[in-house]
Amino acid sequence: DGHVRFEDVAFGYEPERIILKGVTLDVPAGTSMAVVGPSGAGKSTLARLLYRFYDPTAGRITIDGQDIAKVRQDSLRGAIGIVPQDTVLFNDTIGYNIGYGREGSDQDEIEEAARGASIDHFIAALPQGYESMVGERGLKLSGGEKQRVAIARTLLKDPPILILDEATSALDSRTEEAIQSTLDGVARNRTTIVIAHRLSTVVGADQIVVLDAGRVAERGTHAELLAKG
Ligand code: ADP
Ligand code: ADP
């Protein structure tokens with residue numbers, strides 16, 4: 001479950017200005033794809049189309065063979081977890097932020113869930129002393145730490161498809177590690193699309209697509225792209 005395909009997708013926010021053109025992608029269920037490319041290439045736009053903030057002006061996007069334009073919005077969004085590039089957290093505990101939106105948002109339950117096995121990888125990447133900070137209020141987190149909390153929150157919902165948009169965030173090296181560990185571990189059983197600025201963040205992706213001016217300029221594994229220069 002979670003086979004994502006873009007078939008010759010084109011899109012423009014305004015009709016006279018094409019942002020994406022002829023984009024064809026195939027992300028088999030349970031695999032990861034990283035999208036890299038310069039700022040303004042259309043990487044975030046691609047994610048917005050998959051989440052149906054917008055619809056393509058040409059071509060189509062399918063999940064498990066179904067055109068997403070014909071899938072109910074709530075079931076589409078239930079299937080996709082998205083971690084936006086500029087995460088806003090509630091002025092509350094890490095536990096609250098990770099558990100927010102879960103059924104029966106009882107604080108203890110949330111904190112228990114936040115400690116759960118599915119985010120083990122992230123606990124290592126979260127701020128030092130994370131375990132004791134789960135219930136602590138008034139935390140001052142860096143941008144990178146906030147993003148790790150947002151990743152954990154999204155993973156807790158266990159979506160079959162995960163989109164991580166880290167394109168323009170000011171990432172510290174520990175956040176890069178967290179993203180890398182998503183690719184290496186947590187994301188293994190879900191379809192994962194990572195939007196990244198640096199190729200070095202996504203060494204573990206099953207495939208990497210280089211987007212340039214709205215077109216796929218290169219694709220391959222990390223090693224293949226390095227060999228091409
Ligand atoms: P990237 O993620 O690769 O940096 P984006 O997808 O954010 O690129 O943006 C691609 C292009 O689309 C840019 O030229 C940007 O200015 C434009 N763009 C992005 N969002 C909007 C919007 N909401 N309305 C109009 N143009 C937009
Ligand atoms: P910056 O210097 O702006 O931080 P990086 O060099 O860290 O960017 O990030 C990698 C960027 O360089 C990506 O945006 C990608 O488009 C490009 N890039 C690097 N190596 C390759 C490659 N082998 N093939 C295609 N694009 C590459």
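Between the side chains of Tyr13 and Thr45, a donor-acceptor pair is found at a separation under 3.5 Å. Between the side chains of Asp67 and Thr62, no donor N or O sits under 3.5 Å from an acceptor N or O.
With sequence neighbours left out, Ile61 forms a side-chain contact (heavy atoms from CB on, under 4.5 Å) with Phe6, Val9, Leu49, Leu50, Pro56, Ile68. Applying the side-chain contact (heavy atoms from CB on, under 4.5 Å) criterion to Glu16, with sequence neighbours excluded, gives Glu14.
Dense packing is recorded around CZ of Arg219, with more than 12 heavy atoms of other residues, nucleotides or ligands lying under 6.0 Å away. When the shell of 6.0 Å around CG of Asp1 is examined, it contains 12 or fewer heavy atoms from other residues, nucleotides or ligands.
Taking OH of Tyr54 as the start and CG of Leu46 as the end, the distance is 14.0 Å to the nearest 0.5 Å. In this structure, Leu164 CG and Ile82 CD1 are separated by 9.5 Å, a value rounded to the nearest 0.5 Å. Rounding to the nearest 0.5 angstrom, the gap separating the OG1 atom in Thr191 from the CD1 atom in Ile163 is 10.5 Å. If you take CZ on Arg5 and CG on Asp64, they are separated by 12.0 Å, rounding to the nearest 0.5 Å.
The main-chain N or O of Asp8 is found under 3.5 Å from a side-chain atom of Thr24 such that the two form a donor-acceptor pair. No donor-acceptor distance shorter than 3.5 angstrom exists from the side chain of Ser32 to the backbone of Thr192, with no hydrogens or angles considered. Panel note: side chain Gln207, backbone His222; no donor-acceptor pair is recorded below 3.5 Å. Between the Asp165 side chain and the Ser44 main chain, no donor and acceptor come within less than 3.5 Å of each other.
Heavy atoms only, all atoms of each residue included: Leu20 and Ile18 are closest at O-CG2, 3.3 Å. The two residues Leu211 and Pro38 have their closest heavy-atom pair at O-CD, 3.5 Å. For the residue pair Lys43 and Val35, the shortest heavy atom distance occurs at CD-O, 3.7 Å.
Residues Ile208 and Val36 are in side-chain contact: their nearest non-hydrogen atoms beyond the backbone lie under 4.5 Å apart. At least one side-chain heavy atom of Val210 sits less than 4.5 Å from a side-chain heavy atom of Leu225. Taking the side chain as every heavy atom from C-beta outward, Asp26 and His3 approach each other to under 4.5 Å.
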Residues Leu25, Val209; criterion side-chain contact (heavy atoms from CB on, under 4.5 Å); working and verdict: CA-CA 8 Å; Leu25 307 171; Val209 160; 3.8 Å; yes
Distance-only donor-acceptor pairs under 3.5 Å for side chains of residues 72-81, two or more places apart:
residue : atom : partner : partner atom : Å
Arg72   : NE   : Asp74   : OD1          : 3.0
Arg72   : NH2  : Asp74   : OD1          : 3.3
Arg72   : NH2  : Asp74   : OD2          : 2.7
Ser75   : OG   : Arg72   : O            : 3.2
Arg77   : NE   : Tyr51   : O            : 3.2
Arg77   : NH2  : Tyr51   : O            : 3.1
Arg77   : NH2  : Arg52   : O            : 3.2

